[in-house]
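Heads up: the structure comes next, in structure tokens.
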Amino acid sequence: FWFSFVNLTKECDDLEAYNAIDLRPAPNRDEVKHVAYPRKIDDLTMVTFGIGHDWIRVLISIRICTRRIWVGSFFEYAISGHGGMLNSRVFRKGGYREEVTKTIGADVFFAEIVQKRKIDVLWIDVEGHEYPILSQLHHNGALDKKGVVVCQMNVEMHKDTFKEDQGETKKFHDFVWKVLEDRRYVMLKPVFVRYMAKRSNVQK
């Protein structure tokens with residue numbers, strides 16, 4: 001399922017209902033993410049979990065608010081599905097390395113730190129910790145209980161990030177089927193990428 005997902009869903013990109021979504025590319029130096037543009041000009045809340053070196057290019061290339069000024073804040077938190085100490089892959093000078101980091105749950109971050117109940121666009125690239133975050137998105141999940149709504153997101157789903165197997169392919173499978181069961185989100189523009197070890201980048 002992990003290796004076949006993109007090919008199995010490719011024909012869905014041409015569905016008439018999907019074509020009605022104003023989905024536009026937002027490229028950075030090494031990849032292209034996609035964003036569904038809003039149908040009306042409004043104040044937007046955009047959040048990225050995992051700050052890369054080129055994230056500002058993605059924000060600028062979106063150009064959602066024609067004459068509005070971008071106002072951004074940086075919060076130094078490691079985000080996961082819950083608070084605690086977790087083994088993480090952290091980008092330092094010279095590349096990634098494994099470190100133990102203190103984390104907080106995405107639900108707590110949105111409701112208590114950012115203090116926003118509606119997240120218009122969410123990017124997630126947290127090197128393997130995306131699965132506990134994504135588990136909060138389901139019906140009656142942690143975000144529902146905090147009254148937080150995520151309208152759209154772009155997620156990198158990783159495999160073989162850590163030395164020990166984390167069961168990522170099973171987590172990915174279960175997440176996809178739960179999304180279908182919830183009928184809350186549709187998955188658009190999936191891309192499979194091999195990078196060093198077997199790693200998948202699934203964009204939604």
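This structure is a prediction, so every number in the text was calculated from the model and none was measured. Computation of the quantities below employed the complete heavy-atom set of this structure, encompassing side-chain atoms and omitting hydrogens, waters and symmetry-equivalent molecules. One is the number of the first residue; the rest follow in order along the sequence.
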Non-hydrogen atoms of Ala26 and Val35 that approach each other most closely: CB-CG2, 4.5 Å

Results of side-chain contact (heavy atoms from CB on, under 4.5 Å) for Asp22 - residues two or more places apart only: Arg24, Tyr37

Shared hydrophobic cluster, Val176 / Trp2 (ILVMFWY, side-chain heavy atoms < 4.5 Å): yes

Distance-minimising heavy-atom pair for Asn19 and Asp14: ND2-O, 3.4 Å

Asp144 versus Asn140, closest heavy-atom pair with distance: OD2-N, 2.8 Å

Single-linkage hydrophobic cluster, 4.5 Å side-chain cutoff, Tyr185 and Ile124 together: yes

Side chain Asp120, main chain Thr45, donor-acceptor under 3.5 Å: yes

Distance (rounded to the nearest 0.5 Å) between Leu134 CG and Leu122 CG: 8.5 Å

Sequence-distant partners of Lys146, side-chain contact (heavy atoms from CB on, under 4.5 Å), two or more places apart: Asp107, Ala111, Glu112, Arg117, Val148

Flag if over 12 foreign heavy atoms under 6.0 Å of NE2, His139: no

ILVMFWY cluster, Leu8 and Phe175 together (side-chain gap under 4.5 Å): no

Heavy-atom closest pair, residues Thr9 and Pro190: OG1-CG, 3.4 Å

Point-to-point distance, once rounded to the nearest 0.5 Å, from CG of Leu143 to CD1 of Ile119: 9.0 Å

Beyond-backbone contact of Leu23 with Lys189, side-chain heavy atoms, under 4.5 angstrom: yes

Centroid-centroid distance, Phe49 to Phe110, less than 6.0 Å: yes

Val121 vs Lys33 side-chain heavy atoms within contact, under 4.5 Å: no

Nearest atoms (heavy-atom pairs only) where Ala36 meets Gln152: O-NE2, 2.8 Å

Validation row: Val179, Met187 side chains within 4.5 angstrom (heavy atoms): yes

Passing option when Phe5 is tested against Trp177, Phe192, Phe172 for ring pair (Phe, Tyr, Trp, His ring centres under 6.0 Å): Phe172

Residue pair Ile79 / Ile104, side-chain heavy-atom distance below 4.5 Å: yes

Lys/Arg-Asp/Glu bridge criterion (N-O < 4.0 Å) met for Glu181, Lys178: yes

hydrophobic_cluster_shared for Ile21 and Val149, side chain cutoff 4.5 Å: no

Smallest separation among heavy atoms of Ala106 and Gln136, with atom names: CB-OE1, 3.4 Å

Beyond-backbone contact of Leu188 with His34, side-chain heavy atoms, under 4.5 angstrom: no

Point-to-point distance, once rounded to the nearest 0.5 Å, from CE of Met46 to NZ of Lys116: 12.0 Å

Centroid-centroid distance, His158 to Tyr131, less than 6.0 Å: no

Inter-residue atom distance Asn154.CG - Asp125.CG, 0.5 Å rounding: 9.0 Å

